[in-house]
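All chains are named by letter (A, B, ...) in the order of the sequence lines, taking the proteins before the strands, and each is independently numbered beginning at 1.
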2 protein chains.
Amino acid sequence: MLQGVDMRLTKGCKKVLEVLEQVQELSSAQDIHGLMRNEDDKAPGLTTVYRSLESLVSAGLVQAVALGDGERRYELVKPGEHHHHLVCDKCRSSVHLDQCLIEELEEGIKNKYGFQIKGHILEIFGTCKVCTAK
Amino acid sequence: MLQGVDMRLTKGCKKVLEVLEQVQELSSAQDIHGLMRNEDDKAPGLTTVYRSLESLVSAGLVQAVALGDGERRYELVKPGEHHHHLVCDKCRSSVHLDQCLIEELEEGIKNKYGFQIKGHILEIFGTCKVCTAK
DNA sequence: GTCATTTTGAAAGTGATTACCATTTCCTAT
DNA sequence: ATAGGAAATGGTAATCACTTTCAAAATGAC
Ligand SMILES: [Mn+2]
Ligand SMILES: [Mn+2]
Ligand SMILES: [Zn+2]
Ligand SMILES: [Zn+2]
């Protein structure tokens with residue numbers, strides 16, 4: 001899983017990866033730190049968690065997700081890939097979409113506006129199937 | 001322009017609308033406040049600017065834009081409508097897209113995932129035509 | 001082992017946004 | 001016009017995620 005990853009795998013990074021493998025929800029830095037410290041008082045400090053997440057995002061192993069509330073979330077991704085979500089207002093669960101809807105538009109936008117796309121944010125909010133049923 | 005708008009148009013709101021009509025860039029609450037205070041020491045305070053923006057967004061006259069940095073931006077929109085942007089990393093200018101790419105997907109997502117869409121965020125980053133030319 | 005480099009983490013700092021709360025303004029009934 | 005209650009205002013303090021600082025601890029090449 002970490003084949004050919006071009007980065008120093010510090011203790012902090014390894015611990016963060018462990019936690020992200022466990023929970024498969026979107027987790028904030030503080031969530032991750034809290035989970036670590038629950039089962040080990042000697043787990044990395046919050047600063048290290050932030051730094052590790054930064055490294056892991058640069059390396060493409062983790063993606064950062066902006067939900068528009070001031071709190072960034074993180075999750076494991078297939079190296080170098082990314083995806084978007086349907087986030088439920090009620091239960092905060094999220095459906096992970098299997099394909100990016102934006103990448104296929106890059107060519108058209110480049111042609112129409114002369115704009116060179118380098119990144120994007122896209123998240124969809126609403127009510128999930130389970131919560132609608134209630 | 002304000003026909004049939006269902007909200008109390010306070011002094012603060014009017015002043016905010018004035019500023020947003022002038023600048024047609026995405027502006028933060030603090031930008032707006034700063035512009036007001038530049039030309040009038042008695043202009044509404046920052047708290048009022050935030051409150052006014054909240055009302056105007058509810059009324060559908062203004063849209064809030066999340067760019068993923070912790071600072072919300074605002075801009076006038078055609079009442080009840082919204083749109084998305086191509087934001088240039090270099091000069092921070094933004095192209096306002098004429099159609100929402102997500103709304104047309106709502107039906108498909110509803111059918112595929114049983115997810116009822118209520119909102120979304122979508123912003124695209126990169127380098128604009130002008131900055132690429134340099 | 002020695003010493004330079006990297007990593008770590010508690011505490012302090014930052015910056016946007018929100019909560020408080022006392023004062024002012026507005027509106028309506030008399 | 002006036003009194004009184006509701007709404008709006010604005011300075012200050014608080015909040016909260018995140019970043020910076022800097023000194024101590026871990027690492028690793030020689
Ligand atoms: Mn996901
Ligand atoms: Mn716009
Ligand atoms: Zn995408
Ligand atoms: Zn849209």
Rounded distance in Å - [atom1] ([X]) to [atom2] ([N]):
{"X": "B:Asp69", "N": "D:dC18", "atom1": "CG", "atom2": "C1'", "result": "13 Å"}
{"X": "B:Lys14", "N": "D:dA7", "atom1": "NZ", "atom2": "C1'", "result": "14 Å"}
{"X": "A:Glu54", "N": "D:dT19", "atom1": "CD", "atom2": "C1'", "result": "10 Å"}
{"X": "B:Leu53", "N": "D:dT9", "atom1": "CG", "atom2": "C1'", "result": "15 Å"}
{"X": "B:Leu46", "N": "C:dA19", "atom1": "CG", "atom2": "P", "result": "14 Å"}
{"X": "A:Arg73", "N": "D:dC16", "atom1": "CZ", "atom2": "P", "result": "14 Å"}
{"X": "A:Lys15", "N": "C:dT7", "atom1": "NZ", "atom2": "P", "result": "19 Å"}
{"X": "B:Arg51", "N": "C:dT18", "atom1": "CZ", "atom2": "C1'", "result": "10 Å"}

Value rounded to 0.5 Å, distance of [atom1] in [X] from [atom2] in [Y]:
{"X": "B:Leu67", "Y": "B:Leu26", "atom1": "CG", "atom2": "CG", "value": "6.5 Å"}
{"X": "A:Ile32", "Y": "A:Leu46", "atom1": "CD1", "atom2": "CG", "value": "10.0 Å"}
{"X": "B:Met36", "Y": "B:Thr48", "atom1": "CE", "atom2": "OG1", "value": "9.0 Å"}
{"X": "A:Lys14", "Y": "A:Ser52", "atom1": "NZ", "atom2": "OG", "value": "11.0 Å"}

Sub-4.0 Å heavy-atom contacts from residues 27-41 of chain B onto DNA chain D, ordered by number:
B:Arg37
Has [X] got a side-chain N or O lying under 4.0 Å from the OP1 or OP2 atom of [N]?
{"X": "B:Arg72", "N": "C:dA16", "result": "no"}
{"X": "B:Thr47", "N": "C:dT18", "result": "no"}
{"X": "B:Thr48", "N": "D:dG10", "result": "yes"}

Below 4.5 Å, heavy atoms only, C-beta onward: do B:Lys11 and B:Pro44 meet side chain to side chain?
no
Distance only, no hydrogens: is a donor on one side chain within 3.5 Å (strictly under) of an acceptor on the other, for [X] and [Y]?
{"X": "B:His84", "Y": "A:His120", "value": "no"}
{"X": "A:Glu75", "Y": "A:Gln63", "value": "yes"}
{"X": "B:Ser28", "Y": "B:Glu71", "value": "yes"}

Proximal nucleotide (of D:dA8, D:dT21, C:dT17) relative to the B:Tyr50 side chain:
C:dT17
Any pair counted as salt bridge (Lys or Arg N to Asp or Glu O under 4.0 Å), so long as it reaches residues 97-122 of chain A, sequence neighbours left out
A:Asp98-B:Lys112, A:Lys112-B:Asp98, A:Lys118-B:Asp89
Do any N or O atoms of the protein come closer than 3.5 Å to N or O atoms of nucleotides 22-28 of chain C, and which pairs are they?
| unit_1 | atom_1 | unit_2 | atom_2 | d |
| --- | --- | --- | --- | --- |
| C:dC26 | OP1 | B:Lys11 | NZ | 2.7 |

